[in-house]
Visitor: 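If you scroll down you'll find the structure; I have some questions about it.
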Amino acid sequence: MNALAATNRNFRHAARILGLDAKIEKSLLIPFREIKVECTIPKDDGTLVSYVGFRVQHDNARGPMKGGIRYHPEVDPDEHQTWELMHRLWQWILDEYSKFHGHSPAIVTGKPIDLGGSLGREAATGRGVVFATEALRNEYGKSIKDMTFAIQGFGNVGSWAAKLIHERGGGVLNRENAGKVRAKFIIEAANHPTDPEADEILSKKGVIILPDIYANAGGVTVSYFEWVQNIQGFMWDEEKVNNELKRYMTRAFHNIKSMCQSHNCNLRMGAFTLGVNRVARATVLRGWEA
Ligand SMILES: NC(=O)C1=CN([C@@H]2O[C@H](COP(=O)(O)OP(=O)(O)OC[C@H]3O[C@@H](n4cnc5c(N)ncnc54)[C@H](O)[C@@H]3O)[C@@H](O)[C@H]2O)C=CC1
Ligand SMILES: O=C(O)CCC(=O)C(=O)O
C-alpha cells in the first residue's frame, strides 16, 4: 500500500474513533491546493532541461502550511554534493523570493546558519527521535542505557540518533549482532517505514510502535523554530533550541497518551486522533465545513 493510501486509511480510522461529522471528514481529506509546475533551466552545456514539480498544501485552518521538499532519489547520490546542492537551492529560493518581497528569510527553512538557519536543525530529527524514545521509556520505567537499539539507515536521522543514544549509554547494534533483535519497541524515525499489514501483525504480537508522524517530528519542529526566529529577527542559542525541542516532544507524547486512554487505541491512532481533532475543531470554528 502506498504512503498516501496508508495515511488516508489511518485518517479515516481516526475520524471514526472521533465520531467526526461526515462532511468535515470529507473536507479534511481533500487537499486545499495542489500545484504542478514545470521549470525549464539552462544547463552548463547550453541545452535546456525541464523538471516537473508538485506542491500540495493540505490545510491551513490552524495557521500557515509548511512541508518538506523531496527530490528524486537519483538526483545526486553523493552525500557531500547533495549537501552543497541543498544549500545552493535554499539560497536560490531565498534570493528569488526576496527579489520581489524584500529580504524574507522566514519563507524557507533548513537554511545554512549564515543565511538565517537555526542552530540545532541538522541534528534535530535524530535528537527528536531520542526525546520521543525517552518519553516512551519513562512510561515503562526504563532508561536508554538499559536498552539496545537496532538502527536501520545511517544518514542524517539515523547517524544523529545513534550518536545521541550512544552518549546516553544505550547500545547500538551492528551488522554482526543485529540478528539477535527481538524488538519490543519500534520507533519510526523514517516516514512510513511500517506497512499497514505489518503494523497489524506487530501490534497483535504486542510490539509497541511509536508512529512516524510523532517520532520524526523533531526536524519539522526545529524548522518551525527557524521560522519563529526569522520572524522575530532573533537567533536562539543551540541549548535553547534543544530544550524547546525536548519540551515539545515530551508534551506531544503526553497528549498522544491521553488520546490513547480516552479512545482506547494504540499510539498511532493516538497521534492521528490528536492531530485530526485539532484541525477539525479549528475548521468548524472558522466556519469552513463543506
Ligand atoms: N532529515 C530530516 O530532517 C527528516 C527525515 N525524515 C525521514 O527520515 C528518513 C531518513 O532521512 P535522512 O536521514 O534525512 O535521509 P538520508 O538520505 O540522509 O539517509 C538515509 C539512509 O538510509 C539508508 N538506507 C536506504 N534504504 C535502506 C534500507 N532499505 N535499509 C537500511 N538503510 C537504508 C541510506 O543508505 C542512507 O544512509 C526518510 O524517510 C526521511 O523522509 C523525516 C523527517 C525529517
Ligand atoms: O524541516 C522541515 O520542515 C520538513 C522536514 C521533513 O522533511 C519531514 O518532516 O518529513
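Values below: all heavy atoms of this structure, side chains included; hydrogens, waters and symmetry mates excluded.
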Visitor: If you group Ile, Leu, Val, Met, Phe, Trp and Tyr by side-chain heavy-atom gaps below 4.5 Å, do V241 and V220 land in one group?
Guide: no
Visitor: Any side-chain heavy-atom pair from I144 and F149 closer than 4.5 angstrom?
Guide: yes
Visitor: Any donor-acceptor pair under 3.5 Å linking the side chain of E226 with the backbone of G110?
Guide: yes
Visitor: Check whether any side-chain heavy atom of L28 sits under 4.5 Å from a side-chain heavy atom of D59, and report yes or no.
Guide: yes
Visitor: Within a reach of under 6.0 Å around CG of D237, are more than 12 heavy atoms found that belong to other residues, nucleotides or ligands?
Guide: yes
Visitor: Using a 3.5 Å distance criterion without hydrogens, assess whether the side chain of T273 forms a donor-acceptor pair with backbone atoms of G270.
Guide: yes
Visitor: Working to the nearest 0.5 angstrom, can you tell me the gap between N10 CG and H192 NE2?
Guide: 9.0 Å
Visitor: Is any side-chain heavy atom of L136 less than 4.5 Å from a side-chain heavy atom of L267?
Guide: yes
Visitor: State, with a plain yes or no, whether a side-chain heavy atom of N230 is found less than 4.5 Å away from one of K111.
Guide: yes
Visitor: For the CZ atom of R127 and the CZ atom of R121, what is their distance to the nearest 0.5 Å?
Guide: 12.0 Å
Visitor: About how many Å separate CH2 of W227 and NZ of K66, when rounded to the nearest 0.5 Å?
Guide: 10.5 Å
Visitor: Following the transitive rule for hydrophobic clusters with a side-chain heavy-atom cut-off under 4.5 Å over Ile, Leu, Val, Met, Phe, Trp and Tyr, establish whether Y248 and V130 coincide in one cluster.
Guide: yes
Visitor: Say you draw a straight line from OG1 of T283 to NZ of K23; how long is it, rounded to the nearest 0.5 Å?
Guide: 13.5 Å
Visitor: Hey, is the main chain of S143 close enough, under 3.5 Å, to the side chain of D146 for a donor-acceptor pair?
Guide: yes
Visitor: Dump the intermediate steps for side chain to side chain contact (heavy atoms under 4.5 Å, CB included) on Y214 and L274, then the final yes or no.
Guide: CA-CA 11 Å; Y214 163 65; L274 180 68; over 6 Å; no
Visitor: If hydrophobic clusters are built from ILVMFWY residues whose side chains come within less than 4.5 Å, do L29 and F32 share one?
Guide: no
Visitor: Please report the closest heavy-atom contact between I213 and A217, naming both atoms and the distance.
Guide: O-CB, 3.7 Å
Visitor: Check whether any side-chain heavy atom of K240 lies under 4.5 Å from a side-chain heavy atom of F225, and answer yes or no.
Guide: no
Visitor: Does the Q229 side chain pair with the main chain of W236, one donor and one acceptor, at a distance under 3.5 Å?
Guide: yes
Visitor: Looking at L115 and L94, what are the two nearest heavy atoms and their distance?
Guide: O-CD2, 4.1 Å
Visitor: Can a cation-pi geometry be assigned to R251 and F253, taking NZ or CZ under 6.0 Å from the six-membered ring centre and within 45° of the ring axis?
Guide: no
Visitor: Can you find a heavy atom in the side chain of L119 that is under 4.5 Å from one in the side chain of M235?
Guide: yes
Visitor: Take a 6.0 Å sphere around CD of Q152 and say whether it holds more than 12 heavy atoms from other residues, nucleotides or ligands.
Guide: no
Visitor: Evaluate whether atom CD of E239 has more than 12 neighbouring non-hydrogen atoms of other residues, nucleotides or ligands under 6.0 angstrom away.
Guide: no
Visitor: For R168 and F131, which heavy atoms make the closest approach, and how far apart are they?
Guide: NH2-CE2, 3.8 Å
Visitor: Determine, step by step, whether F11 and E25 satisfy the side chain to side chain contact (heavy atoms under 4.5 Å, CB included) criterion, reporting the C-alpha distance in whole Å, the side-chain angles of both residues, the deciding distance to 0.1 Å, and the verdict.
Guide: CA-CA 9 Å; F11 168 82; E25 177 177 339; 3.7 Å; yes
Visitor: Can you tell me if CG on D45 sees more than 12 non-hydrogen neighbours from other groups inside 6.0 Å?
Guide: yes
Visitor: Is there side-chain contact between D212 and R268, with heavy atoms separated by less than 4.5 Å?
Guide: yes
Visitor: Report the C-alpha distance between E134 and R137 in whole Å, list the side-chain angles of each, state the deciding distance to 0.1 Å, and finish with yes or no for salt bridge (charged side-chain N to carboxylate O under 4.0 Å, His left out).
Guide: CA-CA 5 Å; E134 282 176 337; R137 294 308 309 158; over 6 Å; no
Visitor: Search all heavy atoms of A14 against all heavy atoms of V276 and return the closest pair with its distance.
Guide: CB-CG2, 4.3 Å
Visitor: Taking atom CE of M1 and atom CZ of R9, what is their separation to the nearest 0.5 Å?
Guide: 4.0 Å
Visitor: Identify the two heavy atoms, one from S203 and one from N266, that lie closest to each other, and give their separation to 0.1 Å.
Guide: OG-ND2, 4.2 Å
Visitor: Can you hop from F185 to V207 via hydrophobic side chains spaced under 4.5 Å?
Guide: no
Visitor: Would you say the side chain of H263 lies within less than 4.5 Å of the side chain of L18, judging by non-hydrogen atoms?
Guide: yes
Visitor: Is the CG atom of N2 crowded by more than 12 outside heavy atoms at less than 6.0 Å?
Guide: yes
Visitor: Given I93 and I69, is the side chain to side chain contact (heavy atoms under 4.5 Å, CB included) satisfied, shown in steps?
Guide: CA-CA 12 Å; I93 295 172; I69 297 180; 4.0 Å; yes
Visitor: Roughly how far apart are E188 CD and N216 CG, rounded to 0.5 Å?
Guide: 8.5 Å
Visitor: In sequence, state the C-alpha distance, the side-chain angles, and the governing distance for I17 and H13, and then conclude on side chain to side chain contact (heavy atoms under 4.5 Å, CB included).
Guide: CA-CA 6 Å; I17 291 175; H13 189 180; 3.8 Å; yes
Visitor: Any idea which heavy atoms bring S104 and S98 closest together, and the distance?
Guide: N-OG, 3.2 Å
Visitor: Please answer: with hydrophobic residues joined when any side-chain heavy atoms are less than 4.5 Å apart, are V222 and I231 in the same cluster?
Guide: yes
